[in-house]
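Quantities reported herein were computed from a predicted structural model and do not represent experimental measurements. Residue numbers start from 1 in every chain, and the chains themselves are labelled A, B, ... in the order their sequence lines are given, proteins ahead of strands.
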Amino acid sequence: MADRTFKTDALVLLSRPLGEADRLITLLTWERGKISAVARGARKTKSKLAAGVDLFTYGQYILYQGRGLATITGQQVKEHFQYFRGDVALYPFGLYLAELTGKAISGEEPCRPVCHLLLEGWRLLGEDLDRELLCRAFELKLADLLGYRPNLNGCFLCGSPETAWFNQAHGSLTCKQCGGGGVRVAPDTVALAVRLLEAPLRQVRLLRALSRQKEELAGLTGSFLKYHLEIDSLRSLRFFRD
Amino acid sequence: MIFPQPLQALVESLCRFPGIGPKTAQRMAFFLLGLSREEVVGIARAMVEAKDKLRFCSSCGCLTEEEPCRYCSDQSRIQNVLCVVQEPRDVFVLERTGQYRGLYHVLHGALSPLDGIGPEELRLPLLFKRISRQGITEVIIATNPNVEGDATAAYLARMIKPMGVKVTRIAFGLPVGGDLEYADDLTLSRALEGRREM
């Protein structure tokens, strides 16, 4: 019989109360992708698991895979991302990255690059940088890692560098002459999107954007994610508005 | 169906209790069948009466039989200190300690956007009204020490502090009877932060 116990690094994407004193956890694991697991007794004050099964935790987990849901039998916290708990302005950003990643990863599939991306995203959110821009860079990179890289190098119909629209269905830009509709994006926004897509995520520290550029970027990435990954109406977005 | 219909219906009803699976529900059902009729009626009546007679206090949101609740109407309690908790049962847990003599306010939840709980779903307008009208000088936030509870506490602190009211958070630390070596890093670091002089 195959060994049912395994050890993996993971990020906690979701943590919900279950039954009397348990927690149902959604983990993004290095080895097996997104899995759900039960942390028995994790809501009791003396539980050994309690501190490691809260949202925004990066740790090493020992899991037992029975016939149903996996059970967490041990954990060692590596990072806690305390700032999401104490800063109500940061909380929705961390939550957004977690929810977006959770929606984009459909199930048990190895996704180490996505794990690293989310880990870096959570770490960078604790720094003094433009968090909206970080979210846009995260969205573009996440789509890229999942095989949906937008083509931001000129009009996809005629090759003209003078583009005006982003067509979410084609994941490409179009110029004024070719038309085609979609989301309107100015050339300086396209240049910014290219930088966000190609440069390491931490480079967001060095970037600044006008509010108009941020709006256009949000339109570009939002429509792209909605069309290709069917990610729409995330609950964490409502918290941004509130 | 293995059981006669009334027994099957009882087992299914008991299964609706949190943490009760089919096996436990069957054990409970057979236990109930072993009781006298009067005892079963007593249990059923207690459940119906609790459901019928208890409601949430319009002021603090605690479970109560009378309006306002005994905590809100008790003038011997400290009237300018308010303890904010997540659920009505938390009031009884704090009361059990016998250490707190102020007023309560129950939020009926904690901020949890992923569960669709935002500020509008909590009893926040009433809290702010009470703080300003009842001359509250200190608000103790006793939400659960998890991400949702901490985010709610941070949100409340941000909203209440500008009203010129002292906002405090219950301390975090090691459980009584626990061993230091089994404590996690976060609990230990919070316990160190919250240390006090002896």
Just so I know, are the side chains of [X] and [Y] near enough to count as touching, which here means a heavy-atom distance under 4.5 Å?
X: E20(A); Y: F17(B); answer: no
X: R85(A); Y: L186(B); answer: yes
X: F56(A); Y: V147(B); answer: yes
X: P113(B); Y: Y91(A); answer: yes
X: D184(B); Y: V77(A); answer: no

Answer with side chain, backbone, both or neither: which region of [X] has an atom nearer than 4.5 Å to a non-hydrogen atom of chain B?
X: R43(A); answer: neither
X: S15(A); answer: backbone
X: Q82(A); answer: side chain
X: L18(A); answer: neither

Winner by heavy-atom pair count (cut-off under 4.5 Å) against chain B, out of L14(A), D22(A), L55(A): L55(A)
Reported CD-to-CG distance for the pair E148(B) and L95(A), which is rounded to 0.5 angstrom: 8.5 Å
Crowding at [atom1], [X] (>12 non-hydrogen neighbours, <6.0 Å):
X: R70(B); atom1: CZ; result: no
X: E67(B); atom1: CD; result: yes
X: F6(A); atom1: CZ; result: yes
X: R89(B); atom1: CZ; result: no
X: R149(A); atom1: CZ; result: yes
X: E230(A); atom1: CD; result: no
X: K48(A); atom1: NZ; result: no

Salt bridge present between R235(A) and D115(B) (N-O < 4.0 angstrom):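 Answer for the salt bridge query: no.
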Test log, rule side-chain contact (heavy atoms from CB on, under 4.5 Å), inputs D185(B) and K78(A): CA-CA 9 Å; D185(B) 300 347; K78(A) 292 188 174 180; over 6 Å; no
Contacting region of L174(B) [heavy-atom separation from chain A under 4.5 Å]: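 Looking at L174(B), nothing touches chain A.
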